[in-house]
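Take a look at the structure below.
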Amino acid sequence: MKVIELKNVEKIYNDSEFKVHAIRGIDLDFEEGEFAAIVGPSGSGKTTLLNMLGGLDKPSAGDIMIGGTHINELKGSKLIDFRLHNIGFVFQSYNLIPVLTAKENVEFIMQMQRRPAAKRLERTRELLEKVGLGDRLNSRPNKLSGGQQQRVAVARALASKPRFILADEPTANLDSVSTENLLDIMEQLNREEKITFIFSTHDARVVKKAKRVITIEDGKVIRDEWKEEDVR
Amino acid sequence: MNLFKIAWRNLWRNRRRTAITSASILFAVFFALIMRSFQLGFYDHMIRNVIESFSGFLQIQHIDYQDDPSLENTFPYSAELQKTIESTPGITAVVPRIETFALASTGNQTKGALIMGVDPVRERSLSNPENLLVRYRITHEGIDRLNEDGGLPQPVHEKLKDILGNSYTNTGSIAMDLELDEKEDSKILDAIASVSHFPGRYLENQDDGVLVSDRLAKYLRLTVGDTLILMGQGYHGATAADLYPVRGIIKLINPELDNKIVYMNLPYAQDFTGVGDKVTAVGINLADNSDKNMLAIQRSLAEKLNSDKIKVKNWKEFNPVLVQQIEGDNQSGKAFLALLYFVIFFGIFGTVLMMIHERHREFGMLVSIGMRKTKLALIMVIEMFLIGVLGVISGTVISLPLLYYFHIHPIRLTGGLAQTMEDMGFDPLMPLAWTESYVIWQGLIVALMVVLSCLYPLRKVLKLKETEALRN
Ligand SMILES: Nc1ncnc2c1ncn2[C@@H]1O[C@H](COP(=O)(O)OP(=O)(O)OP(=O)(O)O)[C@@H](O)[C@H]1O
Ligand SMILES: [Mg+2]
């Protein structure tokens, strides 16, 4: 089943002095359960593409459908609520609310979704254990390493039961051990929970773990490859 | 983990800034409270001195009396009129008076005097001249007798010479002038008092005598038992002249009044001026002095009197000078308050600006993952309110004991400032008003400042662009 469909998507940045044609006609589909990497040189349009997939930015032309919803048509708090219930985010850094503990950060998103308190606590514990932080429930972000913070962010993204999780260069600020660790956890969650991950990266070791690698250059998809072991 | 909890924890994230912002509010609230209480207390004091214990809050006058305060503009004070006024609820004092000018003389010296024809019993509830009777006067003979009796400590003796000839209504004011403590130095005071007794008594009903103010009496070299000659123009231009025995000397704080007042019985004053049963004014005091009540009673009284000859005036109407004095001072006080609130405004404004600047990325992240901007704005406003509440509460808590203390123990001024106040006719006291409502006002105004200072930053939050906020 398709979770995301992109049809002839274009993005032109008009706000500065120069017009930048960042995305030049992309058609892409993502199926449920994918573990896809978006790669390409700096400035190729990875972040722009992910922002549009996440409903953080709007395409200049074309159509983006998420689970059958045309997200271009959503505005204001409708769009924000749509993100809350459908999309998980892991950013490069500053993912967490600094004044909340790991547990509270994960619980917070479910609270915004108005899920019952008992369920929230149970799920928070379960998720933080899954990402290997069962013993750091009550630590605030500034007491966690960069890798641990990213794992809390993954747990939080998962907590909202999204259709897919977007991660723009989630390992860019991590050392190789933490990078390996985060990718393993993401892969495991993808396998066990059937959660769809779409992430961008520069890192060859990260690319190696992906089951689908989409290469973009100059705003266009130049390659879209599946690894053999992928069920597709 | 509600929004309130996040806001509360955010306050501790940047403790120093929270402390500085709260402290700026604290100081502004503190200064505003202290300054304003002094001001309001001072107005209260002035009104008490001039209105409550001299003219009354309301006066009934002939319609033309204010423009032309002459004996021609008087009105009959009948038993019926008195009954009408007294039957009005909320009135505590009804005091008829004749006020007129006359020449006061002893034969050698002559001086203009203000004759106050009063009902000695009723007048107790307004200017109460009995309380102003001079009971002590420092004299050479007195000091000599003290010296014979073994003398006083040298410093007291020196000071005593400075106040030679001064008149006092009570030993407390002697103590004040000699800088003595009424309790600790009671022996010295008793000794001074025992050699300084000054004779005199208050007017009795039907008394044909007069009370003469201290400075006037000194000028005329008059004392109790002497005879005062009064000459003037009576009703319809008739000549008025008569002799009056002096029953007592009174001391008024206001030097201008102390220079010219002569109290006498109302019937004698009416007789002297030839106005018959007429008076120049009826002073009225009220149980509740608030403007609202005063105006209500003024209205109902005017209705009852239903006359085109006499009019009920409130003190603001018959004493516009005092109103102007208070208003002028009040304006400058309010301007200073506005400045303080401006400081609060900018303190909070600066803090909010810094805050949203620092947390721009965090805000971007929160909106991206699905937090509505209104919720984000709410967190921010809660944070600012908490800072405001912290400042207002601590500012109030610090000021209240001070306010209370100076409310109970008014500051007694000395030196030039005291002189100025006395010249204006007031006790040189700086009492503090104790107004709970003012504390509440402070809270409301700071709350308003919080709301105002959040407006621009709120706009920024509501217009936040996720992709921009997330970028480095
Ligand atoms: N807000 C913007 N306004 C104008 N141009 C922009 C804006 N954001 C991105 N661009 C431009 O669009 C193009 C694509 O940028 P984007 O950030 O998507 O690239 P990227 O592949 O994520 O690069 P990197 O690997 O460095 O993160 C670049 O030329 C960039 O300069
Ligand atoms: Mg990028």
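Quick note on labels: first sequence line is chain A, next is B, and so on, each numbered from 1.
With chain B as the partner, the residue from Asn95(A), Thr47(A), Asp168(A), Leu79(A) showing the most heavy-atom pairs under 4.5 Å is Asn95(A). Between chain A and the options Asn10(B), Leu366(B), Thr374(B), the largest number of non-hydrogen pairs under 4.5 Å is found for Asn10(B).
Contact annotation for Arg372(B): both backbone and side-chain heavy atoms come within less than 4.5 Å of a heavy atom of chain A. For Arg120(A), no part lies under 4.5 angstrom from a heavy atom of chain B. Heavy-atom distances place both the backbone and the side chain of Leu56(A) under 4.5 Å from chain B.
The closest side-chain heavy-atom distance from Val367(B) to Arg83(A) is below 4.5 Å. For the pair Ile97(A)/Met365(B), a side-chain contact is recorded, criterion being any heavy-atom separation below 4.5 Å from C-beta on. Residues Leu100(A) and Arg9(B) are in side-chain contact: their nearest non-hydrogen atoms beyond the backbone lie under 4.5 Å apart. Within the 4.5 Å cutoff, no side-chain heavy atoms of Ile80(A) are placed close to those of Met371(B). The shortest distance between side-chain heavy atoms of Pro98(A) and Arg359(B) does not fall below 4.5 Å.
Atom CZ of Arg140(A) has more than 12 neighbouring heavy atoms from other residues, nucleotides or ligands inside a 6.0 Å radius. Annotation: Glu126(A), atom CD; neighbour count of heavy atoms from other residues, nucleotides and ligands within 6.0 Å is above 12. Counting non-hydrogen atoms of neighbouring residues, nucleotides and ligands closer than 6.0 angstrom, the CZ atom of Phe345(B) exceeds 12 such neighbours. When the shell of 6.0 Å around CZ of Arg13(B) is examined, it contains more than 12 heavy atoms from other residues, nucleotides or ligands. Residue-environment remark: NE2 (His357(B)) stays at or below the threshold of 12 foreign heavy atoms within 6.0 Å.
Here the CD-NZ distance, from Glu104(A) to Lys5(B), works out to 4.5 Å after rounding to the nearest 0.5 Å. Rounding to the nearest 0.5 Å places NZ of Lys58(A) at 11.5 Å from OG1 of Thr467(B). For the atom pair CZ of Phe89(A) and CG of Leu470(B), the computed distance is 8.5 Å after rounding to the nearest 0.5 Å.
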